[in-house]
Asker: 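Before I ask anything, here is the structure I am working with.
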Amino acid sequence: MAFYDANKKQVGGWPPMFETFGSTGWIQCERIYTIPAGAVRLAIDPSMYGKSGTIAFRNLTVKAYRSREECDADFSGPALPDHARLWSLDDVERHTNDSRDTICLNTVWQFLPVKELAAAKLPEEDAPEWRYFKVPGIWPGIAGWNAPDSMQLIFHADGTPDETIDGKSINHAWYRRTIDVPTSWAGRKIEIDFDFIQTCAQIFINGRKCGDIYYPGGSVDVSAAIKPGKTNEIALLVSARVEEGESRMFMAPGRIITSTGQLYCRGIPGNLWLTASSPTGAKLSDTHVITSVSKGEITFDTGFATPLPAHHRIQAEIFDGEEKVKVFLSPELKAAEAGERQSFSATWRDAKLWDVDTPRNLYRVRLSLLNAAGNIVDQIDDTFGFREFSIRGRDFYLNGRKIHLRSMVGMNTKRGADESTEEMYRIMAERARDFGINHLIGTNYNFAPGSISFLELFHRETSKQGILTTLSLPHVMHFKWKLDEPEFRDAYRRQAEYLIRRFQNVPGVVLYVANHNATGYFGDQNPLKIDGIYSPDGEMRKLQPGQYERRRQALLSAEIIHSLDPTRPLYHHESGNLSDLYSINCYLNWAPRQERSDWFAHWSETGKNRSSCLNGVCRTSVRGRVIAARRSSGLPKDCSVSGSMNTTRRSSEKKHTDSTGRKPT
């Protein structure tokens, strides 16, 4: 569909169109379009883009209106239901175990942009200025080749879009809804949890401010304001703006961070949850389920959100569907502070394996924290796949079999909600396999505020389809290349840990990447230097101290990342010989096949240390001296969490050494 002017030139870009997938019955669609200035002709081309099949169209009607009022009067689109039905808990996603009850708050919320934060006052429920917008959803208005291209409409209560609101001008907005909190939640600790926020929000419950939440996400305790057994009002004042004159980004009152560029992604691009838990006792934060096929071993590396008294144990129940297949019990745990982690391991030799050909081989773990009397203090649930991704010599191995990563960039993490659904990722995985692709790299080359839209399903759904992924971690440039300083190091660590903990049990996530396009050097594409032996750092330290410092800072970021999860290899995109993989951007284009093959001849014959990544396609891997450096820093040889039981440790970084064993100065 496209509009054209009198000179047959397209105007107004490509309007969003109706589409559907698979086999369906008749679907009725209706949409309002604003006719772009100068348009005299509209061309519509109903099409079918599948491999085969038939699609039929009928009753295709186009009607033009001279005014918006005339159009609204004739609009037959669906009106929003009444609030009681819209916010009912009858059909919401809900997770319950012996210690926690979690309710999903995703739905259409009342929505109202605010011009001035200082004057922001929450309107009454029935105030006429309220509009409606979806959670999760990215605020409309900012366009770009990689910006969200859906969620463009803010609606009136009757279902008609409000096109009077300029999405580009939204800096702050109220969200409002009500919820009937279960009576059974009385006396429990109640928290509202944001999977992802761009970039901050103030939380109000029944008119009482309960706290603030900042990018990228987290939880706020609302127990003091919420009323179990009654209807409660939840209001969020979300802010996301750039102070262009000072290149600063507003996060919340009294909190501003430096930023560059425009915030493409603004609003709430992640799930919202309300959770009730026990008001007392130790709390679990997460568990990283680490599996070893070669050893027939499973490890539970568990974090604690509150201090842990002595004489507690962890019980891990493993479910295959609804059937309980294994139960593991740890030795007594030592007392620990909040933020510390403890791990224990056990033997499991007959687990069904997760692989690219068996991606539905997933287990569910229910992890219970037991007190000295054996009573459940806290409990969390997660899913995982039993698999082992490793590097031997110059090759990657998955479950003991050599695997070559044939890679492609996935754009969805920078785009809209319509490209971030389970169905879209199923289609993406199917098309990738058709092209021989088995590995996706997200196009989010950093984790800066405002740069990412809907991240959650990219890794989870592709993993369910047997596609491997690389998880992009924060870029040091957004921390001023100052990871030596505690303030910036701690900030980097918080963001990296947020991402790692969120996806640590997704079996398809096999690599980490950071610091894209910032740590390369002259000659990194020279075939005679692609061997993992040549290092530019000595010369760069003398001739290019600025670039040398960047590479040193990248190694500091790797230090932080490996301290959080030493089980996955890490590379720095386009960095040559640095960290676990040799990575370059080398576009050979139409070079003959023999020349392409010869490009890696020296590396394949004499290479000692790292994998090779050409044009983003990871060919194979070598560890060599990087692993030697890790061993000297106290990390296990096989880059997996120690299997010793009853270990207590602070989640802290190890001292990094370079390839010669020397600490960088």
Side-chain angles (χ1 to χ4, degrees), residues 1 3 11-18 29-39 42 62-83 86 107-144 147-177 198-199 201 235-242 244 250 262-269 416-418 450 453:
M1 174 174 166
F3 292 93
V11 293
W14 296 101
M17 288 302 301
F18 308 115
C29 305
E30 184 173 353
R31 180 174 287 167
I32 297 172
Y33 296 91
T34 300
I35 301 173
L42 171 62
V62 177
K63 188 173 182 179
Y65 298 92
R66 296 186 180 277
S67 68
R68 181 62 200 227
E69 292 74 17
E70 181 184 350
C71 176
D72 289 346
D74 196 37
F75 182 67
S76 61
L80 294 174
D82 62 84
H83 289 174
L86 182 64
T107 185
V108 177
W109 288 51
Q110 286 183 302
F111 181 81
L112 181 63
V114 176
K115 291 184 178 180
E116 297 293 335
L117 185 64
K121 182 179 179 182
L122 181 68
E124 297 294 331
E125 175 185 356
D126 56 354
E129 58 263 37
W130 280 114
R131 301 296 183 262
Y132 291 84
F133 194 63
K134 184 179 177 294
V135 172
I138 294 295
W139 296 348
I142 297 181
D149 52 6
S150 63
M151 301 303 298
Q152 295 183 357
L153 300 178
I154 299 170
F155 290 91
H156 294 278
D158 62 0
T160 59
D162 185 346
E163 296 181 347
T164 65
I165 298 175
D166 179 12
K168 294 181 181 179
S169 67
I170 300 177
N171 292 322
H172 320 281
W174 280 110
Y175 290 77
R176 182 196 172 277
R177 64 159 290 171
Q198 293 277 22
T199 55
L236 312 172
L237 183 54
V238 178
S239 299
R241 78 168 189 261
V242 172
E244 296 180 358
F250 180 87
Q262 196 172 37
L263 296 181
Y264 289 110
C265 304
R266 304 160 300 148
I268 306 176
D418 61 335
S453 58

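Below, each value reflects all heavy atoms present in this structure, side chains not excepted, and no hydrogens, waters or symmetry copies. Heads up: numbering here begins at 1 and tracks the sequence. What you see is a predicted model; the values in this text were computed from it and never measured.
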Asker: Let me confirm one number: the SG-CD1 distance from Cys265 to Ile138, rounded to the nearest 0.5 Å.
Answerer: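 It is 5.0 Å, given to the nearest 0.5 Å.
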Asker: Atom OG in Ser239, atom NE2 in His172: separation rounded to 0.5 Å?
Answerer: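 Answer for the OG-NE2 pair, Ser239 versus His172, is 5.0 Å.
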Asker: Apply side-chain contact (heavy atoms from CB on, under 4.5 Å) to the pair Tyr175 and Val238, showing each step before the final yes or no.
Answerer: CA-CA 8 Å; Tyr175 290 77; Val238 178; 3.6 Å; yes
Asker: With sequence neighbours excluded, what pairs up with Thr164 under the side-chain hydrogen bond (donor to acceptor under 3.5 Å, both in side chains) test?
Answerer: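 With sequence neighbours excluded, Thr164 shows a side-chain hydrogen bond (donor to acceptor under 3.5 Å, both in side chains) to Asp162, given in chain and number order.
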Asker: Which donor-acceptor pairs under 3.5 Å do the side chains of residues 109-123 make with protein atoms, sequence neighbours left out?
Answerer:
from   : atom 1 : to     : atom 2 : distance (Å)
Trp109 : NE1    : Leu105 : O      : 3.1
Gln110 : OE1    : Arg176 : NH1    : 2.6
Gln110 : NE2    : Glu125 : O      : 3.0

Asker: Rounded to the nearest 0.5 Å, what's the gap from CZ on Phe133 to CH2 on Trp139? Could you check?
Answerer: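 So the CZ of Phe133 and the CH2 of Trp139 are separated by 9.0 Å.
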Asker: Once rounded to the nearest 0.5 Å, what's the spacing between atom OG1 of Thr107 and atom CG of Leu86?
Answerer: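 Answer rounded to 0.5 Å: 4.5 Å.
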Asker: Give a yes or no on whether the backbone of Gly450 and the side-chain of Gln198 come within a donor-acceptor separation of less than 3.5 Å.
Answerer: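 Yes: the side chain of Gln198 pairs with the backbone of Gly450.
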Asker: Quick one: CG on Leu42 to CD1 on Ile35, what's the gap to the nearest 0.5 Å?
Answerer: 8.0 Å
Asker: Holding to side-chain contact (heavy atoms from CB on, under 4.5 Å), I want the full list of residues that pass it with Asp82, two or more places apart in sequence or in another chain.
Answerer: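 Asp82: side-chain contact (heavy atoms from CB on, under 4.5 Å) contacts with Ala84, Arg85.
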Asker: Going by the rule side-chain hydrogen bond (donor to acceptor under 3.5 Å, both in side chains), which residues pair with Thr34 if we only count those two or more places apart in sequence or in a different chain?
Answerer: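 For Thr34, the residues satisfying side-chain hydrogen bond (donor to acceptor under 3.5 Å, both in side chains) (neighbours in sequence not counted) are Glu163.
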Asker: Looking at every heavy atom in both Tyr65 and Glu70, which two are closest together, and how far apart are they?
Answerer: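 It is CD2-CG, 3.6 Å.
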Asker: Trp174: which residues meet the ring-ring contact (aromatic ring centres under 6.0 Å, His included) condition with it, sequence neighbours left out?
Answerer: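 Only Phe204 meet the ring-ring contact (aromatic ring centres under 6.0 Å, His included) criterion with Trp174.
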Asker: For Ser169, enumerate each residue passing the side-chain contact (heavy atoms from CB on, under 4.5 Å) test, keeping only those at least two apart in sequence or located in another chain.
Answerer: Asp166
Asker: Contact between Ile165 and Arg131 at the side-chain level, heavy atoms closer than 4.5 Å - yes or no?
Answerer: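 Heavy-atom side-chain distance check passes, below 4.5 Å.
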Asker: Does the side chain of Ile268 come within less than 4.5 Å of Leu236's, by heavy atoms?
Answerer: yes
